[in-house]
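The block underneath contains the structure these notes are about, expressed in structure tokens.
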Amino acid sequence: MNFKRPFILVSNDDGYHAKGINCLIDMLSDMADLLVCAPEYVRSGYSCAFSAATPLRLKLRRESEGYQMWSCNGTPVDCVKLAFSEFCRERKPDLVIGGINHGDNASVNTHYSGTMGVAMEGCMKGVPSVAFSLANHDSQADFEPLRPYVRQMVEELLRTGLPDGVCLNVNFPAIPSFKGVRMCRMARGEWINECSKSVHPFGYDYFWMAGSYSDMEPESRDTDSHALREGYVAVTPTRLDVTDYDMLNRLRAWETMMPARQQQ
């Protein structure tokens, strides 16, 4: 690899074969050296999970000047951890990217997303990190409208970085062209009718996790969900620190309310 060029680590939760990650590689191959380490198969919904009791394997899938693609039988976070451990000992990535995901990761999806798991893990390792997602689950979705936005955002992140403990969650609406970019907060939402029950031919019940998303504040205009509905690219800065500092200060009263351990 050319050490004079930026070095970007890429992973996803749709698998190394997914169109989204391969389109991302095509978008960035002239801008940086790329190390891709992605799951062997779909790992959607794995968030920040890692494999504590499963032996992990790596397989080299493609290699060329300034580019390697590896697959791993583990989770998205496993992929990032292994990439840092096995391939980044002499050269730390300048940027970690998750995506491009098939399906949006706005609102509460942030907490479930393996794509965001990639960005969170990169962030925990002290590297500027971003997750890109397109609100289209089609395996042959058109990612080309994202190209100028992804390239410009990556250029800016390589130039300016991000504060410690902060990564970016970027979601694109599934339309041919975008009205612009909006900086957003995460919408309050929930998944409803999540469990679909069926009866197996052998006579026992089984369940599919399904459901639909419900926006709990549809009139709010500063959220990622609203931006996507209006045709804008939604950019949400996301923090590793999930402490509620207002509540922390309120709870300090407990320090004097709760009985201390009696001295023997």
Side-chain angles (χ1 to χ4, degrees), residues 6-14 20-21 24-25 27-28 31-39 43-52 70 72 74-89 91-101 103-134 146 149-172 181 183-187 224 233-245:
F7 179 35
I8 299 176
L9 171 61
V10 178
S11 191
N12 72 349
D13 69 2
D14 291 316
I21 196 171
L24 177 66
I25 293 164
M27 293 173 190
L28 302 180
M31 295 174 55
D33 291 336
L34 301 178
L35 170 63
V36 181
C37 188
R43 289 288 197 171
S44 296
Y46 272 72
S47 186
C48 289
F50 65 93
S51 300
W70 295 80
C72 169
T75 70
V77 165
D78 288 333
C79 293
V80 177
K81 289 181 179 294
L82 277 172
F84 270 85
S85 172
E86 298 301 309
F87 309 127
C88 302
R89 294 177 181 176
R91 189 183 184 193
K92 188 176 182 179
D94 299 295
L95 185 66
V96 172
I97 302 178
I100 301 170
N101 192 63
D104 80 86
N105 283 307
S107 185
V108 292
N109 292 339
T110 302
H111 297 296
Y112 303 119
S113 166
T115 308
M116 276 301 294
V118 171
M120 298 289 276
E121 184 65 24
C123 189
M124 283 188 270
K125 295 192 179 302
V127 177
S129 301
V130 57
F132 293 117
S133 303
L134 173 64
L146 285 61
Y149 295 86
V150 168
R151 287 177 61 88
Q152 188 167 352
M153 289 181 189
V154 167
E155 287 177 355
E156 187 65 16
L157 288 170
L158 288 171
R159 186 178 68 84
T160 64
L162 287 168
D164 289 342
V166 175
C167 59
L168 295 185
N169 182 13
V170 181
N171 288 279
F172 294 85
V181 178
M183 305 303 133
C184 308
R185 65 176 175 87
M186 180 193 297
D224 48 11
V233 181
V235 180
T236 304
T238 304
R239 300 182 63 175
L240 293 179
D241 184 353
V242 296
T243 306
D244 186 328
Y245 287 95

| task | Can you sort out the partners of Thr243 under side chain to side chain contact (heavy atoms under 4.5 Å, CB included), two or more places apart, ordered by chain and number? | result |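 By the side chain to side chain contact (heavy atoms under 4.5 Å, CB included) rule, Thr243 matches Asp241, Tyr245, Leu248.
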| request: Quick one: list whatever passes side chain to side chain contact (heavy atoms under 4.5 Å, CB included) with Asp164, sequence neighbours left out. | output: none
Could you measure the distance from the [atom1] atom of [X] to the [atom2] atom of [Y]? Nearest 0.5 Å is fine.
{"X": "Phe50", "Y": "Glu121", "atom1": "CZ", "atom2": "CD", "result": "9.0 Å"}
{"X": "Asn171", "Y": "Asn109", "atom1": "CG", "atom2": "CG", "result": "8.5 Å"}
{"X": "Thr236", "Y": "Leu168", "atom1": "OG1", "atom2": "CG", "result": "9.0 Å"}
{"X": "Lys81", "Y": "Cys72", "atom1": "NZ", "atom2": "SG", "result": "12.0 Å"}
{"X": "Phe172", "Y": "Leu134", "atom1": "CZ", "atom2": "CG", "result": "8.5 Å"}
{"X": "Leu9", "Y": "Asp94", "atom1": "CG", "atom2": "CG", "result": "11.0 Å"}

| message | Walk me through whether Ile97 and Leu28 qualify under side-chain contact (heavy atoms from CB on, under 4.5 Å). | response | CA-CA 11 Å; Ile97 302 178; Leu28 302 180; 3.6 Å; yes
List the residues meeting salt bridge (charged side-chain N to carboxylate O under 4.0 Å, His left out) with [X], not counting sequence neighbours, and say none if there are none.
{"X": "Lys92", "result": "none"}
{"X": "Glu155", "result": "none"}
{"X": "Arg239", "result": "none"}

Looking only at non-hydrogen atoms, find the nearest pair between [X] and [Y] and report the distance.
{"X": "Cys48", "Y": "Gly117", "value": "SG-CA, 3.9 Å"}
{"X": "Gly122", "Y": "Val96", "value": "CA-CG2, 4.0 Å"}
{"X": "Gly74", "Y": "Ser51", "value": "CA-OG, 4.2 Å"}
{"X": "Pro128", "Y": "Gly161", "value": "CG-CA, 4.0 Å"}
{"X": "His111", "Y": "Ser47", "value": "O-OG, 2.8 Å"}

| query | ring pair (Phe, Tyr, Trp, His ring centres under 6.0 Å) with Tyr112: which residues, sequence neighbours excluded? | reply |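 In terms of ring pair (Phe, Tyr, Trp, His ring centres under 6.0 Å), with neighbours along the sequence ignored, Tyr112 is linked to no residue.
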| task | Using ring pair (Phe, Tyr, Trp, His ring centres under 6.0 Å) as the criterion, list what pairs up with Tyr149, not counting sequence neighbours. | result |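 Here the qualifying residues are Phe178.
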I want to check something: taking the side chain as every heavy atom from C-beta on, are [X] and [Y] in contact at a cut-off of under 4.5 Å?
{"X": "Met116", "Y": "Cys167", "answer": "yes"}
{"X": "Val118", "Y": "Asn12", "answer": "no"}
{"X": "Met153", "Y": "Val233", "answer": "yes"}
{"X": "Met186", "Y": "Thr110", "answer": "yes"}
{"X": "Phe84", "Y": "Val127", "answer": "yes"}
{"X": "Asp224", "Y": "Ser107", "answer": "yes"}
{"X": "Leu162", "Y": "Ser129", "answer": "no"}

| Take atom CZ in Phe87; do more than 12 heavy atoms of anything else shown fall under 6.0 Å from it? | yes
| message | Under 3.5 Å, is there a donor on one side chain and an acceptor on the other for Asn169 and Thr238? | response |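 Checked: Asn169/Thr238 side chains show no N/O donor-acceptor pair below 3.5 Å.
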| said: Filter on salt bridge (Lys or Arg N to Asp or Glu O under 4.0 Å), then keep only pairs touching residues 104-117, sequence neighbours left out; what's left? | reply: none
| message | Check this for me: does any side-chain nitrogen of one of Asp33 and Arg91 sit under 4.0 Å from a carboxylate oxygen of the other? | response | yes
Residues two or more places apart in sequence or in another chain: which of them pass side-chain hydrogen bond (donor to acceptor under 3.5 Å, both in side chains) with [X]?
{"X": "Ser44", "answer": "none"}
{"X": "Thr160", "answer": "none"}
{"X": "Asn101", "answer": "Thr115"}
{"X": "Arg159", "answer": "Glu156"}

| query | Any sub-3.5 Å donor-acceptor pair from Ser11's side-chain atoms to Cys79's backbone N or O? | reply | no
| Does the side-chain contact (heavy atoms from CB on, under 4.5 Å) test come out yes or no for Ile21 and Asp14, once each step is laid out? | CA-CA 8 Å; Ile21 196 171; Asp14 291 316; over 6 Å; no
| query | Could you go step by step and tell me if Met27 and Ile100 meet the side-chain contact (heavy atoms from CB on, under 4.5 Å) rule? | reply | CA-CA 11 Å; Met27 293 173 190; Ile100 301 170; 3.9 Å; yes
